[in-house]
Amino acid sequence: MEVTTMFSIHRPPGPARVAGAAAAAAATLALTACGSSGGDDGTLTILVDNTEATVDSVQALADAYTAANPDTEIDLELRPGGSEGDNIVKTRLQTGDMPDLFFYNSGSLLQALAPEQNLVDLSGEPFMDAVAETFQEGVRSDDRVFGVPVGNAVGGGVLYNLPAYEDLGLEVPRTWDEFTANNQAILDAGDAAPVIQTYGPDSTWTSQLFVLADNYNVLAAEPDFAERYTANEAHYADTPAAMAGFEHLQEVNEAGFLNEDFASASYADGLAALASGEGVHYPMLTNAITELRATDPDALDDIGFFALPGEDPDDVGVTTWLPGALYLPQTTDDQAAAEDFLAFAASVEGCDAQTEAVGVTGPYFIDGCTIPEDVPPGVAQLQEYFDAGLTAPALEFLSPVKGPALEQITVEVGSGIRSAEDAAALYDEDVKKQAQQLGLEGW
């Protein structure tokens, strides 16, 4: 996910409540909130992607902060997701035009922002003591820490329609072959698309899930893959377990499992199809549950989640993503005011504000923060993997190497334009650019 993010998978550019996804992409949303102090005009501005989940989460933090600090206004400025949003963030940092705070991915995409040169190091701030070390590793560079989490741990796998599974008597698959059998049963029934894919404009990031969410299975087969990959000693094209994600994307297309409009469908279309039962499986991040809560809350009880299955039925676990974070650019007008807001975001009160506004999609990374007992089925199923210790980080949190063209390459594979073998080799070439920019040894 821009999922994003990042992502890293890019967090989705899905529907923004204020004006709709297309209109919101370049819009500015002013939300009154507050701070004990602010910029030169008493205002803090935060740049965020235009997803429903991000806007609502940051607005919830701003609203709760307002109740305690009524003297400063906080404006949320919206940007699109995906590669377009990445370019906006990089350009505004390079030109010194970044607002007081901005929301962006943790993990590998952060490294591409040259955080040591552009962001304020937060490692010495007292409020960072409450931020879990697991998360700090995802926003660390050169022993400095740069971000405060917004949101929850995220699982990457398959969201699925529970009523469809019940009607067809299907069970959650534990292997790829079982997943394929379920898809064939759905296709044979003729009432729904077995696998939802959404390659429309601003939604190409969704094409990456079969590859990125397979990292648990890659590490199960090749435990040292991340280290060897970072050192340019292992690659997707010469590692069968890593190649599998591309192969799976090719297989679902060739089997005819996809929705007919996959080439033009948007992320919002995909969620709507999943909620209505027009599609049964949507490879996706669990933060999509937050989007559904905002757009179709009645559907939440109909949506489940399972990890992307691999080859071993006795080792089934989920690939996890860290949430995005708020970052403080070195060019902010009022660093003290911005840090005060970050301190609130890193508090139990900040977590509670987010839970009340948008619910939860998994565990928080702030000490003392808890999730409610009565969560949607998809969240409860994700929590089971965490409780059992059956999780592994997405590759972007184990390696700084991620090529910028992955979403375009996976769209080609999922569309039947490029073979899995060619795609893996092409992506191996794509990652070299970033590895060399980062100055990694062996590249």
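For the single chain, residues carry numbers from 1 onward in sequence order. When reading the values below, keep in mind they use all heavy atoms of this one structure, side chains included, and skip hydrogens, waters and symmetry mates.
Considering all non-hydrogen atoms of both residues, Val55 and Val48 come closest at CG2-CG2, 4.3 Å. Residue Asp296 comes nearest to Ala275 through the heavy atom pair OD2-CB, 3.4 Å, listed as atom of the first residue, atom of the second, then distance.
Within 6.0 Å of CD on Gln184 lie more than 12 heavy atoms contributed by other residues, nucleotides or ligands. The number of heavy-atom neighbours closer than 6.0 Å to CD of Gln436, taken from other residues, nucleotides and ligands shown, is above 12. Atom CD of Glu133 is surrounded by more than 12 heavy atoms from other residues, nucleotides or ligands within 6.0 Å.
Under a 3.5 Å cut-off, the side chain of Glu291 and the backbone N or O of Ala53 do form a donor-acceptor pair. Looking at Asn161, its side chain does come within 3.5 Å of a backbone N or O of Leu274 through a donor-acceptor pair. Under the 3.5 Å distance criterion, the side-chain polar atoms of Asp100 are left unmatched by any main-chain donor or acceptor of Ile46. Between the Thr319 side chain and the Tyr216 main chain, a donor and an acceptor come within less than 3.5 Å of each other. Side-chain N or O atoms of Glu227 include none that pairs as donor or acceptor with a backbone N or O of Ser399 at under 3.5 Å.
Tyr327 has its ring centre no less than 6.0 Å from the ring centre of Phe146. Between His281 and Phe179, the ring center distance clears the sub-6.0 Å criterion.
From Cys351, atom SG reaches atom CG of Asp367 across 9.5 Å, with rounding to the nearest 0.5 Å.
Counting heavy atoms from C-beta outward, Thr198 and Tyr282 have side chains that approach closer than 4.5 Å.
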